[in-house]
Amino acid sequence: MSEVPILRAPVGTHDVLGPESARWEGLIATFAQFAYRYGFSLVLTPLFEDVGVFNRGIGEDSDVATKEMYVFEDRGGRHYALRPEGTASVVRAFVQHQPVTPWKAWYVTPAFRYERPQSGRYRQHHQLGVEALGTDDPALDVEVIALAWRFFQSLGLTRVRLVINSMGHDECRGRYVAALRAHLEANASRLCDEHREVWRRNPLRLLDCKRDECVAVTGVGPQLPDYLCDDCRAHFAQVTEGLVQLGVPWTRDPRLVRGFDYYTRTTFEFVADALDGAQNAIGGGGRYDGLVERLGGPATSGIGFASGVERLLLALGAEGVTTSLVRRELDVFVVDTTGHDAATTLLDDLRGAGFASDRAYDGRSMKAQMRVADRSGARVAVLVGPREESAGQVTIRDLRSEESVPQHLVARHDLVATLTRLLTK
RNA sequence: GUGGGCGUAGCUCAGUUGGUUAGAGCGCCAGGUUGUGGUCCUGGAGGUCGCGGGUUCGACCCCCGUCGCUCACCCCA
């Protein structure tokens, strides 16, 4: 038809429409409800920030910062990056505005990472998350983790595991990293090809490596839990005990360190066992007690959690949960054959009364309009033609009925009242 | 960045050893007598066979390149 070539969404991005978008609405609305229940309020921050926010935030040596950031220069020569994750921006906003603590905020946002897409991994994906700043009370760790857990449960996910660990605070973590570094140095030749040369850059990364060679090296030698100080041990114990009290099951993974440099003490991840692909982490987070300072603010503790919308949807699909959590079907479809557009005022009344209503356009035949009405999924059709109009009536037809004549006439001025009775029971 | 698989109608796909006007199902549109959907019947619209080059008398089919999709490694949501 057209000579203009079809433009498509960029690599690693995707459009969401149709029934799929209803599932998105449901997820987001459910999460918003949970956040509200737990005392979090919505925070909106810019999609792009000074690159320093992310470099200093998630760590210049992290994979995300070194090779996955969408960086660009604007027309004024400023260096910006599209957010690769949610926490750094929110913490920057905290530093800038210094709200009263404890400050509990939730968000839903796109996140960008330049990497090769695959199942459950995109260049633009979307995260739902919460951040809580101003206290290192383990009760808050428990609350954030419980919020995530309950959220997943409410969605209908059953095959989700919580794995948790503590990385200690700066000091004990530092001692562990030093010990790990020495251990790696002594065994560098036995590491996998990928890490043999680059382990110095970020020793903790090696714990994530699943290759046999690296696992063999890191499986022995210094172990993170042995390096925690008494305070960090106590904190971790209180968190795990709190989870037990709430009936939130967890398992400890002493190798769980996660990819961003800001984590201290509690780290956790939710693994969806229904996903057989490599991308089976549907959420994660942790405490970041030094991050506010790193971004120029006063010493402030914080903890956060984020979940990937796309992966949640994949996990839900894999578990066979197909409900959208939010109803998006029409109540009423207006079929107008008067020839002079009686539908417009009729719809205004219906919509004003709160009914989700739609119509056909372009003066199509009644048969055609009925077909569209049927496909729309509306519960009832309201028909108005010359006969009804002259009598001051409309026909209400039940579109879900199998009967041959599931319809009746009703006075025009009784329409809203009748539908209210019909559709709200 | 590296590697595997795949690109034929809006969607899911068929297309025989390369041989005339490229097909199906679903979807979409219009009809099936005068105002009625979901089933059924009939008809119709819609494709530069991803794109470019090559081999050949002839290419959807073979070769090369390229773009895209997809899966995996790495890492993460």
Side-chain angles (χ1 to χ4, degrees), chain A residues 1-3 5-14 18 58 62-68 83-87 108-129 148 192-195 198 202 205-211 214 257-260 269-272 275-285 305-315 333 335-339 360 362 364-378 380-389 395-407:
Chain A
M1 286 289 266
S2 167
E3 315 243 319
I6 290 178
L7 267 20
R8 6 181 347 122
V11 174
T13 69
H14 54 103
I58 66 185
S62 67
D63 280 12
V64 168
T66 53
K67 55 184 194 190
E68 294 178 2
R83 82 161 46 120
E85 57 99 48
T87 302
V108 50
T109 178
F112 303 86
R113 292 182 202 168
Y114 191 90
E115 52 191 345
R116 286 287 286 271
Q118 63 182 275
S119 183
R121 207 184 63 183
Y122 307 91
R123 287 189 174 173
Q124 175 177 341
H125 73 281
H126 300 77
Q127 296 191 1
L128 303 162
C192 75
D193 295 343
E194 179 98 11
H195 289 115
V198 299
N202 194 338
R205 264 301 55 68
L206 273 286
L207 297 182
D208 284 332
C209 186
K210 293 159 192 79
R211 293 182 205 279
C214 284
V257 292
R258 302 185 51 76
F260 303 138
E269 207 164 270
F270 294 93
V271 180
L275 296 180
D276 43 31
Q279 275 65 47
N280 62 354
I282 57 171
F305 154 78
S307 186
V309 176
E310 286 84 351
R311 287 189 189 174
L312 276 177
L313 260 7
L314 280 176
F333 196 96
V335 171
D336 173 11
T337 53
T338 60
D362 304 318
R364 300 227 262 158
S365 72
M366 186 173 202
K367 185 187 178 80
Q369 292 191 53
M370 283 302 295
R371 209 163 43 231
V372 179
D374 183 57
R375 277 196 308 254
S376 77
V380 302
V382 166
L383 305 140
V384 58
R387 288 213 298 265
E388 285 90 349
E389 193 169 53
T395 295
I396 295 176
R397 183 179 177 89
D398 181 356
L399 291 174
R400 309 258 170 109
S401 169
E402 310 264 329
E403 297 167 35
S404 55
V405 189
Q407 64 184 40

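A note on names: the letters A, B, ... follow the listed sequences, proteins ahead of strands, and every chain is numbered from 1.
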Looking only at the side chain of A:Val11 (C-beta and beyond, no hydrogens), which of the listed nucleotides B:rU36, B:rG68, B:rA72 gets closest? B:rG68
Given A:Arg205 and A:Val257, is the side-chain contact (heavy atoms from CB on, under 4.5 Å) satisfied, shown in steps? CA-CA 8 Å; A:Arg205 264 301 55 68; A:Val257 292; 3.9 Å; yes
In terms of side-chain heavy atoms of A:Ser119, which of B:rC71, B:rG32, B:rA77 is nearest? B:rC71
Grab the two heavy atoms, one from A:Ile282 and one from A:Ala315, that are nearest each other, plus how far apart they are. CG2-CB, 4.1 Å
Phosphate OP1/OP2 of B:rA72 contacted by A:Gln118 side-chain N/O (<4.0 Å): yes
Does B:rA77 have OP1 or OP2 sitting under 4.0 Å from an N or O in the side chain of A:Arg258? yes
In whole angstrom, what separates A:Ile396's CD1 from B:rU36's C1'? 15 Å
Judged by modelled atom types alone, do A:Thr395 and A:Glu388 share a side-chain donor-acceptor pair under 3.5 Å? yes
Taking only the C1' atom of each, what is the distance from B:rU66 to B:rU21 in whole angstrom? 31 Å
Checking all strands, does A:Phe260 fall into the base, sugar-phosphate, or nothing category for heavy-atom contacts under 4.0 angstrom? sugar-phosphate
It should be established whether A:Lys367 places a side-chain nitrogen or oxygen under 4.0 Å from OP1 or OP2 of nucleotide B:rG37. yes
Report yes or no: is there a donor-acceptor pair, N or O only, under 3.5 Å between the side chain of A:Glu388 and the base of B:rG35? yes
How close or far is atom P of B:rG38 from atom CG of A:Asp374, stated in whole angstroms? 7 Å
Rounding to the closest angstrom, what is the interatomic distance between B:rC26 and B:rA45 at atom C1'? 16 Å
For A:Gly86 and A:Gln127, the nearest pair of non-hydrogen atoms, with its separation, is N-OE1, 3.9 Å
Under 4.0 Å between any heavy atoms, over every strand shown, what does A:Gln279 touch: base, sugar-phosphate, or nothing? Just pick one. base
Quick one: the side chain of A:Gln407 and the base of B:rU36, do they pair up donor-acceptor inside 3.5 Å? yes
Taking every non-hydrogen atom, the tightest pair across A:Ala373 and A:Ser376: O-OG, 2.7 Å
Which whole-number value in Å describes the distance from A:Leu275 CG to B:rC71 P? 12 Å
5'-most contact on RNA chain B (nearest-nucleotide basis), A:Arg387 vs A:Tyr122, goes to A:Arg387
On a whole-Å scale, what distance lies between the C1' atoms belonging to B:rU8 and B:rC49? 4 Å
Grab the two heavy atoms, one from A:Gly120 and one from A:Leu314, that are nearest each other, plus how far apart they are. CA-CD1, 3.6 Å
Need to verify one output field. Residue with the more 5' nearest nucleotide on RNA chain B, A:Asp398 or A:Arg311? A:Asp398
Any idea which heavy atoms bring A:Pro84 and A:Ile58 closest together, and the distance? CG-CD1, 4.1 Å
With sugar-phosphate meaning primed atoms plus P, OP1 and OP2, does A:Ala281 contact a base, only sugar-phosphate, or nothing at under 4.0 Å between heavy atoms? sugar-phosphate
Indicate, with a heavy-atom threshold strictly under 4.0 Å, whether A:Gly129 touches base, sugar-phosphate, or nothing. nothing
Main chain of A:Gly377, side chain of A:Arg400: is a donor-acceptor contact present, judged purely on distance under 3.5 Å? yes
Output one line per pair: protein atom, nucleotide atom from nucleotides 27-30 of chain B, and distance, for all N/O pairs under 3.5 Å.
| from | atom 1 | to | atom 2 | distance (Å) |
| --- | --- | --- | --- | --- |
| B:rC28 | OP1 | A:Arg375 | NE | 3.1 |
| B:rC28 | OP1 | A:Arg375 | NH1 | 2.7 |
| B:rC29 | OP1 | A:Arg364 | NH2 | 3.1 |
| B:rC29 | OP1 | A:Arg375 | NH2 | 3.3 |
| B:rC29 | OP2 | A:Arg375 | NH1 | 3.3 |
| B:rA30 | OP1 | A:Arg364 | NH1 | 3.2 |
| B:rA30 | OP2 | A:Arg364 | NH1 | 3.3 |
| B:rA30 | OP2 | A:Arg371 | NH2 | 2.5 |

Under the criterion of centre distance below 5.5 Å and interplanar angle below 30°, is A:His126 classified as stacked on the base of B:rA77? no
Can you give the dot-bracket line for RNA chain B, using ( ) for pairs inside the strand, [ ] for pairs that cross earlier ones, | for pairs with another strand and . for unpaired bases, where Watson-Crick and G-U count if both distances are under 3.5 Å? (((((((..((((.....[...)))).(((((.......))))).....(((((..]....))))))))))))....
Take the angle between the ring planes of A:His14 and A:Tyr122 and call it parallel below 30°, perpendicular above 60°, tilted in between. tilted
Closest heavy-atom pair, A:Pro117 versus A:Arg123, reported as atoms and distance to 0.1 Å, is CD-NE, 4.3 Å
Enumerate all atom pairs, one protein N or O and one N or O from nucleotides 1-4 of chain B, separated by less than 3.5 Å.
| from | atom 1 | to | atom 2 | distance (Å) |
| --- | --- | --- | --- | --- |
| B:rU2 | O4 | A:Arg116 | NH1 | 3.1 |
| B:rU2 | O4 | A:Arg116 | NH2 | 3.4 |
| B:rG3 | O6 | A:Arg116 | NH2 | 3.2 |

For nucleotides B:rG15 and B:rG53, find the distance between their P atoms and express it as a whole number of Å. 28 Å
Using a 3.5 Å distance criterion without hydrogens, assess whether the side chain of A:Gln369 forms a donor-acceptor pair with backbone atoms of A:Arg364. yes
How far does the P atom of B:rG43 sit from the matching atom of B:rG18, given to the nearest Å? 35 Å
Could you tell me how far B:rU20 sits from B:rC64 if I compare only their C1' atoms? Round to whole Å. 29 Å
